[in-house]
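So the structure is just underneath, and the comments pick up after that.
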Protein chains: 2
Amino acid sequence: MPTRSEEDHIKAVYTLLQEGDSAFTKDIAERLQNKASSVTVMLKKLAEKGFLKHEPYYGAKLTAKGRGFALQLVRRHRLWETFLVERLGFGWDEVHEVAEQMEHVKSEKLIDKLDAYLGKPHFDPHGDPIPDKKGVIRERKTRRLDSCAAGDHVRIAAVSETTDGLLRLLDSKGLRIGTSLMVQEVHAFDGSMDVKPKSGSAFSLSKDVSHHLQVEKGKP
Amino acid sequence: MPTRSEEDHIKAVYTLLQEGDSAFTKDIAERLQNKASSVTVMLKKLAEKGFLKHEPYYGAKLTAKGRGFALQLVRRHRLWETFLVERLGFGWDEVHEVAEQMEHVKSEKLIDKLDAYLGKPHFDPHGDPIPDKKGVIRERKTRRLDSCAAGDHVRIAAVSETTDGLLRLLDSKGLRIGTSLMVQEVHAFDGSMDVKPKSGSAFSLSKDVSHHLQVEKGKP
DNA sequence: AAAATAGATTAGTCTTGTCTAATAATGAGG
DNA sequence: CCTCATTATTAGACAAGACTAATCTATTTT
Ligand SMILES: [Mn+2]
Ligand SMILES: [Mn+2]
Ligand SMILES: [Mn+2]
Ligand SMILES: [Mn+2]
């Protein structure tokens, strides 16, 4: 049974591999607010325990066992986030840190019952998929909003950075998971984008924002 | 901010002082499944941090600060137990260990919202009082069932030992918090007691069981 | 190709929390 | 008052997880 710190390291590797194709010491350290040297030591231990392969100087890859653990941890994290937002009335910008703690509570029964209680949700409050008990993730095809062109009709599927600032900015513009938008114009100069929600008037989004919005095709 | 282990020690001292009038090293160790020597070290540290007074060889007493912390921890523990039973459908014999972990999640907002979500309950699934946000406990006058005499009408208010075995035994006899009983006879030989629930026929309870049931006066 | 830089690793230290073994204090019975 | 069993404390060891400082590797720049 991995310790809390081990779990967090495994999850960091998993997330980095999701986002790119490599999990480097420095990036893991940054994510966990640790020093790189501490991460190196941890990676060596996790490699010995069979959760990952550590290729010194070239980062880490998860083994099947490591991936399985990571998926369960991600499942717990996202189920708790869902609980906090749907049942306790937290804002979507307030749940990350708390879920970061709750995900480490050890009880399979707890997660089974929580999952059932929430209605076996497939997505968390940020639109991220929740792996099922077996670790299976329902796949969707999404693209970043900043890769869309004028005239595209889209629906916000997920926010890929859950920093408080971004989430509150989205709140202030009335953007949330499920919101439908039409891309009116993309400005080459700064990459900003004018979008129009189904109801309401158009406004502009900076590239910083549109880059972190995952969208799926919407109907015109 | 106390660590998890510090919190557990403070709570153990609190509970022992509730049950008797002293918290000795050995009993704390037993409760926490640690060795006495480890507890001594911890008590010294907690005394330095101002949570308690440690009188070597005579046990520990909480300071006001320590009592405040203990009450908040007890609050969190019992709120989570309530959540697990009332919302997730756990049995009352299954929640202790999980709540033992959840109580350590650090977030004041979480507990406020959980409390509101549960309807600001005053008692947990075992009938134990839940301190409010300020640490105030609603007092009741209860007595142990084994101190009752033939003819007494009582209502089960709390179970003072939450071992799985006892709770399941109570389940099997249909006894729970709020059940009303009439004491029919007390047998001097073994201290066992015949009781009759409001509806249903009478049965016998051993002294081991009646000793752990807290009751309040019921109507005849 | 050499040098510079960024990143990674190693070595050694510290803190926390636990243990075992040795020693000491307390309180009860004789 | 002495002895003994119980309980508590101290001392010393260890493992986990973090850090800093020193060293090393890979890659980019000159
Ligand atoms: Mn975490
Ligand atoms: Mn999320
Ligand atoms: Mn606990
Ligand atoms: Mn309880």
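Just the heavy atoms: all of them, side chains too, but no hydrogens, waters or symmetry mates, feed the values below. Chain letters run A, B, ... following the sequence lines, proteins first, then strands; residues in each count from 1.
Chain B approaches DNA chain D over the interval dT7(D) to dT10(D), counting the first and last nucleotide 5' to 3' with an atom under 4.0 Å from its heavy atoms.
Annotation: of the two residues near DNA chain D, Pro56(A) and Thr3(A), the 5′-most nearest-nucleotide partner is Thr3(A). Where His54(B) and Ser5(A) meet DNA chain D, the nucleotide closest to each residue was compared, and His54(B) sits on the side nearer the 5' end.
Without hydrogens or angle criteria, Arg143(B) side chain to Ser147(B) main chain gives a donor-acceptor distance under 3.5 Å.
Take Phe51(A) and apply the ring pair (Phe, Tyr, Trp, His ring centres under 6.0 Å) test, not counting sequence neighbours, and it matches Phe69(A).
At a cut-off of 3.5 Å, with distance as the only test, a side-chain donor of Ser192(B) or Asp190(B) sits close to an acceptor on the other residue. His122(B) and Asp132(B) form no side-chain donor-acceptor contact under 3.5 Å, judged by distance and modelled atom types alone.
Sorted by first and then second residue, the side-chain hydrogen bond (donor to acceptor under 3.5 Å, both in side chains) pairs with a member in residues 93-105 of chain B read Lys109(A)-Glu94(B), Glu7(B)-His104(B), Asp8(B)-His104(B), Lys11(B)-Glu100(B), Lys11(B)-Glu103(B), His77(B)-His96(B), His77(B)-Glu103(B), Glu81(B)-His96(B), Asp93(B)-Arg168(B), His96(B)-Glu100(B); sequence neighbours excluded.
Summarising the local packing, NZ of Lys35(B) is surrounded by 12 or fewer heavy atoms from other residues, nucleotides or ligands at distances under 6.0 Å. Within a 6.0 Å sphere centred on NZ of Lys65(A), other residues, nucleotides and ligands contribute more than 12 heavy atoms. The neighbour count for Arg144(B) CZ, taken as heavy atoms of other residues, nucleotides or ligands under 6.0 Å away, is above 12. Enclosure of atom NZ in Lys53(B) is not indicated, since only 12 or fewer non-hydrogen atoms of other residues, nucleotides or ligands lie within 6.0 angstrom.
Here dA25(C) presents its P atom at 12 Å from OH of Tyr58(B), a figure rounded to the nearest Å. Rounded to whole angstrom, the span from the NZ atom of Lys35(B) across to the P atom of dT20(C) amounts to 5 Å.
Looking at residues 15-34 of chain A, you'll see Phe24(A), Thr25(A), Lys26(A) sit with a heavy atom under 4.0 Å from some atom of DNA chain C. Within residues 37-47 of chain A, the residues approaching DNA chain D are Ser37(A), Ser38(A), Lys45(A), by heavy-atom distance under 4.0 Å.
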Please report, to 0.1 Å, the donor-acceptor pairs under 3.5 Å made by any side chain of residues 82-91 of chain B, with sequence neighbours excluded.
residue: Thr82(B); atom: OG1; partner: Arg78(B); partner atom: O; Å: 2.7
residue: Arg87(B); atom: NH2; partner: Tyr117(B); partner atom: O; Å: 3.2

